[in-house]
Amino acid sequence: MPLLPKAARAALHFWEEPCISGAGGSGTIFFSGCALRCVFCQNREISQGGQGKVITTRRLAEIMRELEEQGAENINLVTPSHYVAAIVEALSLYRPHIPVVYNSGGYDSLEALQALRGLVDIYLFDLKYLSSDRARLYSGAADYPSTAVAAILEGYAQQPHNILQNGVMQKGMIVRHLLLPQGTREAMAVFDWVRQNTPGAAFSLMSQYLPCGKAESMPPIDRRVTAREYDKVLDYILASGFENVYIQERESARGEYIPCFDGTGI
């Protein structure tokens, strides 16, 4: 990816957690490129395919302002890790009057996150794996667990309290986990880690997995999550008594929820 940010879509998005989308929608900016190579990535056209348009930091600041004027509940920076320097500069040109969301796969350096201190209101992290073997096999990064855990703890140190206003998050953190086929043990381990180490954050179980790209020919992730797998994790979460949880319905595993990366708003 280039030094200047490359982006593929900037628009109101209504398919995030309810406290992020709200009534007005989340002002999402989808950046191109990614430090991970997840074989099942639903956004592979931009994460690995390079689709998108290079913009200046001034244009990035303008896009934030435009989304705010459209009624966005927040500015949602999606896959921003490799553009932190540009984001910091854009926020110096225009600071939105709505929360700034850092929406990351979790593979972030501490130096980058520390550079964002005071600029990010909400951290929206994935914690994809605690297993190095699965991280290597499915995302090409055996060090993902240790890197993501450190990143999440840094984000939590910056925003340890979830603050909502009229049901919409203003500050705080959500840790997401995408349930994969034959991934029930991993999902339960991730949930336990979140509630034990970041108890003030929310946990979000995502059930939207669809086999895409290379995953279509990689058993066992060449299929959707079964009802039995979903129910097993759901029952485990409910039995824990931990209430700060979002649960995505299993019916969300549909292709129409994948955004169209056609350059809208860029």
Side-chain angles (χ1 to χ4, degrees), residues 5 13 15-22 25-31 34-36 38 43 47 60 64 67-68 72-88 90-91 95-130 139 141 144-165 167-178 190-206 242 244-246 248:
H13 190 60
W15 300 330
E16 305 282 31
E17 286 80 0
C19 66
I20 299 295
S21 293
S26 181
T28 50
I29 303 173
F30 286 90
F31 292 104
C34 183
L36 294 170
C38 301
N43 297 349
S47 65
L60 179 56
M64 294 182 191
L67 288 170
E68 186 175 8
E73 303 282 4
N74 45 60
I75 299 300
N76 190 343
L77 307 170
V78 184
T79 320
S81 308
H82 45 300
Y83 292 129
V84 166
I87 289 168
V88 170
L91 289 172
R95 175 67 181 180
H97 298 90
I98 51 179
V100 173
V101 181
Y102 189 83
N103 186 342
S104 162
Y107 200 52
D108 293 271
S109 73
L110 292 180
E111 292 85 356
L113 296 174
Q114 288 161 0
L116 293 166
R117 184 178 289 272
L119 298 176
V120 170
D121 301 292
I122 300 166
Y123 281 103
L124 191 54
F125 282 117
D126 287 346
L127 184 50
K128 299 176 185 292
Y129 325 94
L130 288 174
S139 294
Y144 175 88
S146 59
T147 302
V149 161
I152 290 169
L153 291 175
E154 171 62 28
Y156 189 64
Q158 294 183 27
Q159 296 293 352
H161 305 293
N162 285 1
I163 300 174
L164 281 72
Q165 182 177 324
V168 178
M169 185 173 284
Q170 304 299 306
K171 290 185 179 297
M173 188 166 78
I174 299 175
V175 181
R176 291 170 160 174
H177 179 73
L178 176 64
V190 169
F191 169 70
D192 284 340
W193 187 92
V194 170
R195 69 187 179 95
Q196 292 166 9
N197 293 277
T198 57
F203 177 77
S204 179
L205 179 67
M206 297 189 295
F242 189 71
N244 202 8
V245 175
Y246 293 95
Q248 189 178 43

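Sequence positions, counted from 1, serve as the residue numbers for this chain. Everything numeric here is computed off the predicted structure, so don't read it as measured data.
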> Can you check whether Leu130 reaches Val149 side chain to side chain, under 4.5 Å on heavy atoms?
Replying inline: yes
> Can you tell me how far CD of Gln158 sits from CE of Met173, rounded to the nearest 0.5 angstrom?
Replying inline: 10.0 Å
>> Please determine whether side-chain contact (heavy atoms from CB on, under 4.5 Å) holds for the pair Asn162 and Asn244, giving the CA-CA distance in whole Å, both sets of side-chain angles, and the decisive distance to 0.1 Å.
In response: CA-CA 10 Å; Asn162 285 1; Asn244 202 8; 3.7 Å; yes
> What distance do Phe125 atom CZ and Ile152 atom CD1 have between them, rounded to the nearest 0.5 Å?
Replying inline: 6.5 Å
> Do you know which two heavy atoms are closest between Met64 and Ala90, and how far apart they sit?
Replying inline: CE-CB, 4.2 Å
>> Using a 3.5 Å distance criterion without hydrogens, assess whether the side chain of Tyr144 forms a donor-acceptor pair with backbone atoms of Lys128.
In response: yes
> Counting N and O atoms only, with roles assigned by atom type, does the side chain of Glu17 sit under 3.5 Å from a partner on the main chain of Tyr246, one being a donor and the other an acceptor?
Replying inline: no
>> Nearest 0.5 angstrom please: Leu124 CG to Ser204 OG, how far?
In response: 7.5 Å
> Taking atom CG of Leu67 and atom CD1 of Ile98, what is their separation to the nearest 0.5 Å?
Replying inline: 7.5 Å
>> When you measure from the side chain of Gln165 to the backbone of Ile163, do you find a donor-acceptor pair of N or O atoms at a distance under 3.5 Å?
In response: no
>> Within the 4.5 Å heavy-atom criterion, are Ile87 and Leu77 side-chain neighbours or not?
In response: yes
> Is there a side-chain contact between Pro96 and Leu91, using heavy atoms and a 4.5 Å cut-off?
Replying inline: yes
>> Are Asp126 and Tyr107 packed together at the side-chain level, in the sense that at least one heavy-atom pair is separated by less than 4.5 angstrom?
In response: no
> Should Tyr129 and Ser139 be marked as a side-chain hydrogen bond (donor to acceptor under 3.5 Å, both in side chains) after you check the CA-CA gap, both sets of side-chain angles, and the distance that decides it?
Replying inline: CA-CA 10 Å; Tyr129 325 94; Ser139 294; 2.6 Å; yes
> For the residue pair Ser104 and Ser81, what are the closest heavy atoms and their distance?
Replying inline: OG-OG, 3.5 Å
> If you take all heavy atoms of Asn76 and Ile20, which pair is closest and at what distance?
Replying inline: ND2-CG2, 4.2 Å
>> For the backbone of Leu127 and the side chain of His177, can you confirm whether one donor and one acceptor N or O come within less than 3.5 Å of each other?
In response: yes
> Looking at Asn43 and Phe30, what are the two nearest heavy atoms and their distance?
Replying inline: ND2-CE2, 4.2 Å
>> If I compare all heavy atoms of Leu164 with all of Cys19, which pair ends up nearest, and what's the gap?
In response: CD2-CB, 4.0 Å
>> I'd like to know if the side chain of Asp108 pairs up with that of Tyr102 as donor and acceptor (distance under 3.5 Å, no hydrogens or angles considered).
In response: yes
>> Between Thr198 (side chain only) and Ala201 (backbone N and O only), is there a donor and an acceptor less than 3.5 Å apart?
In response: no
> With a 4.0 Å cut-off, would you call Glu16 and Arg176 a salt bridge?
Replying inline: yes
> Within the distance-only criterion (no hydrogens, no angle test), does the side chain of Tyr156 pair as donor or acceptor with the backbone N or O of Gly200 below 3.5 angstrom?
Replying inline: yes
>> With a 4.5 Å cut-off on side-chain heavy atoms, are Leu60 and Ile29 touching?
In response: yes
> Do the ring planes of Phe203 and Phe191 sit parallel (below 30°), tilted (30 to 60°) or perpendicular (above 60°)?
Replying inline: perpendicular
> After noting the C-alpha distance and the side-chain angles of Arg95 and Leu119, does the key distance pass the side-chain contact (heavy atoms from CB on, under 4.5 Å) rule?
Replying inline: CA-CA 9 Å; Arg95 175 67 181 180; Leu119 298 176; 4.0 Å; yes
>> One pair to check against side-chain contact (heavy atoms from CB on, under 4.5 Å): Gln170 and Ile122. What are the steps and the verdict?
In response: CA-CA 7 Å; Gln170 304 299 306; Ile122 300 166; 5.9 Å; no
> Taking C-beta and beyond as the side chain, do His161 and Lys171 meet within less than 4.5 Å on heavy atoms?
Replying inline: no
> Where the side chain of Glu154 meets the backbone of Gln114, is there a donor-acceptor pair that is under 3.5 Å apart?
Replying inline: no
> Hey, are the side chains of Val88 and Leu116 touching, using non-hydrogen atoms and a 4.5 Å cut-off?
Replying inline: yes
> Which atom pair, heavy atoms only, marks the closest approach of Val84 to Ala115?
Replying inline: CG1-CB, 4.4 Å
>> For Trp15 and His13, take the angle between the two ring planes, folded into 0 to 90°, and tell me which bin it lands in: parallel under 30, tilted 30 to 60, perpendicular over 60.
In response: perpendicular
> Given side chains that start at C-beta, do those of Val194 and Val175 come closer than 4.5 Å, heavy atoms only?
Replying inline: yes
